[in-house]
Student: 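Before I ask anything, here is the structure I am working with.
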2 protein chains.
Amino acid sequence: MDRRVTKKDDDASRTERPTLKTLAFMTGLGVTTVSRALKDAPEIGAETRRRVQLVAKQIGYRPNRAGVRLRTGKTNVISLVLNTEHELMSFVSDIIYGVTEVIADTPYHLIVTPYSRSQDPLDPVRYLVETGSADGVIISRTQPNDPRARYMLERGIPFATHGRTDMGLVHPYHDFDNYTFAGEAVRYLAGRGRNRLALVTPPVGLTYYGHTVNGFADALSEVGASEVPFNTVSIDQSIEQIRMRTAQLMRRKDRPDGFVSSAAAATLAIVAGIEDAGLELGRDVDVVSKQSSELLHLFRRELLVVNENFRLAGSELARAVLGWIGGADPGSLQSLSTPSEVLPYRG
Amino acid sequence: MDRRVTKKDDDASRTERPTLKTLAFMTGLGVTTVSRALKDAPEIGAETRRRVQLVAKQIGYRPNRAGVRLRTGKTNVISLVLNTEHELMSFVSDIIYGVTEVIADTPYHLIVTPYSRSQDPLDPVRYLVETGSADGVIISRTQPNDPRARYMLERGIPFATHGRTDMGLVHPYHDFDNYTFAGEAVRYLAGRGRNRLALVTPPVGLTYYGHTVNGFADALSEVGASEVPFNTVSIDQSIEQIRMRTAQLMRRKDRPDGFVSSAAAATLAIVAGIEDAGLELGRDVDVVSKQSSELLHLFRRELLVVNENFRLAGSELARAVLGWIGGADPGSLQSLSTPSEVLPYRG
DNA sequence: TTGGCAACCTGTAACGTTTCAGTATACTGA
DNA sequence: TCAGTATACTGAAACGTTACAGGTTGCCAA
């Protein structure tokens, strides 16, 4: 018998990684039996099952991902799709950590799929779906009418969005309640006697832009304050732009006496602009800002902040995708995070 | 002939993803020929090669990753190994973006492999190597004698480290020249008449701790300034800790008149501590800090900053790993990033 | 005794790819 | 003419896994 071709027939004690074949040889069972025993199939005898699992644990058997993936199509991969061209998305690492926290004791791996501003945001998603590169996808920068969500819904691939859509379609999401945030910010400023307020909005076109604007507007009319239009600025502009525009605005006679800012980095620029115009934070103007790390109070103690927890967002999103993959009802995998109170000056 | 079992024998016009079989059927060639034609093997006729590649492009053929991986062991995956329990690692997103930039037009995917502080940092690396989950690995928080680097070197798996090691072993790395940074910082402070300097160090144990401390010490004796010991603080402590310790220090008679800080977040805390003690930045004390985004000048215009580009680090690290995978000499894949000048006050 | 059935186990094929060991054809030189 | 050889292609096997379609026992009812 020619033994030249087959590298390892039954010499299971190699330094190689153990496979089902190794286990089969060691237990004296068939490969099929071992496979089923490991996944607790009912038609395998209880003792056999225990025996196989014991041996598997002993020799540190780990299923070969490529084998599983080729055979079943299951990738055990979650993809986080990110825009790489936004300057100050420091919260990205928090989202990633949140996701990894949840998938840590699952067989899932996290892959990061980037796209640049010049690309159609649908491109990376299409790539993932067409190549079957992931069992589930997480997207951010969600729009009210989001082609990516629609696409994945059509293709039946589980996903979760950071931010809601508004298409009458149901899918998992996690969102921060920006309507409430903006409203609370306005009410807080009104409570401090501020009544000419400007809003630094999220990027136009994203769903939470609308939420924020509405929360701001509704609360304005509720408290009887007025809006100082500041539409030339949104948070994904450059620091320099925001700073310059803010300084311009603050030099006008009809300048605002309060700001609501949707992002910490923008807030730094706003404060700089305010001071460029020779005004003083806390005296001439108050600023309420969202932040994702606890740094703004160090920056200027007069800043008023509301915390948004991106690590939580990552966890929730991961839980949602895994839930959907696991067969749960997508409608039950939606969560909304309530803003903290507005936190006042601190020493 | 029973056609029940085989799902698609030659019905290549399905909506399914095209495979080599599909291409073989369409071109009338054998699967082997198609496979070789696609990778420009010389033993395939020039015309056949072009024909196959044309058809492949037309129908959007993409090799099945699981198939390749199972057959060849090549995963086409790079793993970035990250510690998830460090509060303010906002630069992580920059590294990730840098990496994705480089692998964007390669077949590589980026997976993020986390580990928490409670774990042995070797664990995730061992997992990756044992399960063959990646062709290359990037690690950070590198130590002079780094068990992870040693382990991967033994196993022969390509990797790159963010930060150098000091074990007499050669491997790809990218590092920021923290020796020069600390030295320049000291010289700059000395030039401003500061001569009692404190250093806020990187985490003890990491390689660049040593570089920084040495650069600081050497420059101190060069300019004839003295060190105010501040060993109770390093940059991966909490903001509150650093702030409190700084305030304590600044209330002492022998307080420093200059700080060199290895991280932006720590710098915020230091400044807060300075001000807690009733002192004024720029008047009573100067601070030189590294930063990875352009925010510190907004924070206090009196801050002196040196920029460290983490996106570049990510790119360089990715290039290094890919280079090693591609067979390049590891010794040729090392790069050191030179600090920018110390940037002074700005309006 | 026999047929039926449940319990438990197994071999084969297939997922898509690459490698090995060829085969067929045409061309070369003597 | 014929061996030798270069060129261009090909089928089969293998990577590790799971699904399918059985196969063997042993037991029970009739």
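Source: prediction; values computed, not measured. Naming: A, B, ... by sequence-line order, numbering from 1 per chain.
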Student: Have a look at L20(A) and say if it touches a base, only the backbone sugar-phosphate, or nothing, with a 4.0 Å heavy-atom cut-off.
Tutor: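 It contacts base atoms.
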Student: Between A46(A) and N64(B), which residue's closest nucleotide on DNA chain C lies nearer the 5′ terminus?
Tutor: A46(A)
Student: Can R319(A) and E316(A) be counted as an ion pair, charged N to O under 4.0 angstrom?
Tutor: yes
Student: Does the side chain of R69(A) pick up a donor-acceptor pair with the side chain of N64(A) at under 3.5 Å?
Tutor: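 Not at all, the side chains of R69(A) and N64(A) share no donor-acceptor pair under 3.5 Å.
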Student: Nearest whole Å is fine: how far is dT7(D) P from E47(B) CD?
Tutor: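 After rounding, the gap between these two atoms is 17 Å.
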Student: Taking only the side-chain heavy atoms of T19(A) (C-beta and beyond), determine which of dT17(D), dG16(C), dT17(C) contains the nearest atom.
Tutor: dT17(D)
Student: Report yes if a side-chain nitrogen or oxygen of T48(B) is closer than 4.0 Å to either non-bridging phosphate oxygen (OP1 or OP2) of dC9(D); otherwise report no.
Tutor: yes
Student: Which part of the nucleic acid, if any, lies within reach of T33(B) when heavy atoms closer than 4.0 Å are counted: base, sugar-phosphate only, or nothing?
Tutor: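 Counting heavy atoms under 4.0 Å across all strands, the contact made by T33(B) includes a base.
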Student: Run the side chain to side chain contact (heavy atoms under 4.5 Å, CB included) test on R17(A) and R62(A) for me, step by step, so that the C-alpha distance in whole Å, both residues' side-chain angles and the decisive distance to 0.1 Å come before the verdict.
Tutor: CA-CA 8 Å; R17(A) 235 181 110 200; R62(A) 306 265 203 164; 3.7 Å; yes
Student: Of the candidate nucleotides dC9(D), dG16(C), dC15(D), which contains the atom at the shortest distance from the side chain of K21(A)?
Tutor: dC15(D)
Student: Side-chain N or O of T32(A) less than 4.0 angstrom from OP1 or OP2 on dT18(D)?
Tutor: no
Student: Looking at residues at least two apart in the chain, or sitting in another chain, which of them share a ring pair (Phe, Tyr, Trp, His ring centres under 6.0 Å) with F310(B)?
Tutor: F91(B), H162(B)
Student: Using atom CZ of R69(A) as one end and atom P of dT18(D) as the other, report the distance to the nearest whole Å.
Tutor: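 One finds 15 Å between P of dT18(D) and CZ of R69(A), rounded.
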Student: Need to verify one output field. Residue with the more 5' nearest nucleotide on DNA chain D, I44(B) or G67(B)?
Tutor: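 That would be I44(B).
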Student: Let me know the distance between CD of E43(B) and P of dA24(C), rounded to the nearest Å.
Tutor: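 It works out to 19 Å between those atoms.
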Student: L23(B) CG to dT10(D) P: how many Å, rounded?
Tutor: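 One finds 13 Å between P of dT10(D) and CG of L23(B), rounded.
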Student: So among D146(B), T142(B), D175(B), which one has a side chain to side chain donor-acceptor pair (under 3.5 Å) with R164(B)?
Tutor: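 Testing R164(B) for a side chain to side chain donor-acceptor pair (under 3.5 Å) against D146(B), T142(B), D175(B) leaves exactly one candidate, D175(B).
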Student: Is there a side-chain contact between S35(A) and the phosphate of dT18(D), meaning an N or O under 4.0 Å from OP1 or OP2?
Tutor: yes
Student: In this structure, how many angstroms lie between the P atom of dT10(C) and the CZ atom of R36(A), rounded?
Tutor: 12 Å
Student: Would you kindly give the CZ-to-P distance between R71(A) and dT18(D), to the nearest whole Å?
Tutor: 9 Å
Student: Return the value, rounded to whole Å, for the distance between atom NZ of K74(B) and atom C1' of dG16(C).
Tutor: 17 Å
Student: In whole angstroms, how far is the P atom of dA7(C) from the CG atom of L29(A)?
Tutor: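 These atoms are roughly 19 Å apart.
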Student: Which sits closer to the 5' end of DNA chain D, G45(B) or V31(A), going by the nucleotide each is nearest to?
Tutor: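 Closest to the 5' end, via its nearest nucleotide, is G45(B).
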Student: Pick base, sugar-phosphate or nothing for G30(B), based on heavy-atom distances below 4.0 Å to the nucleic acid.
Tutor: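 Here G30(B) touches the backbone only, sparing every base.
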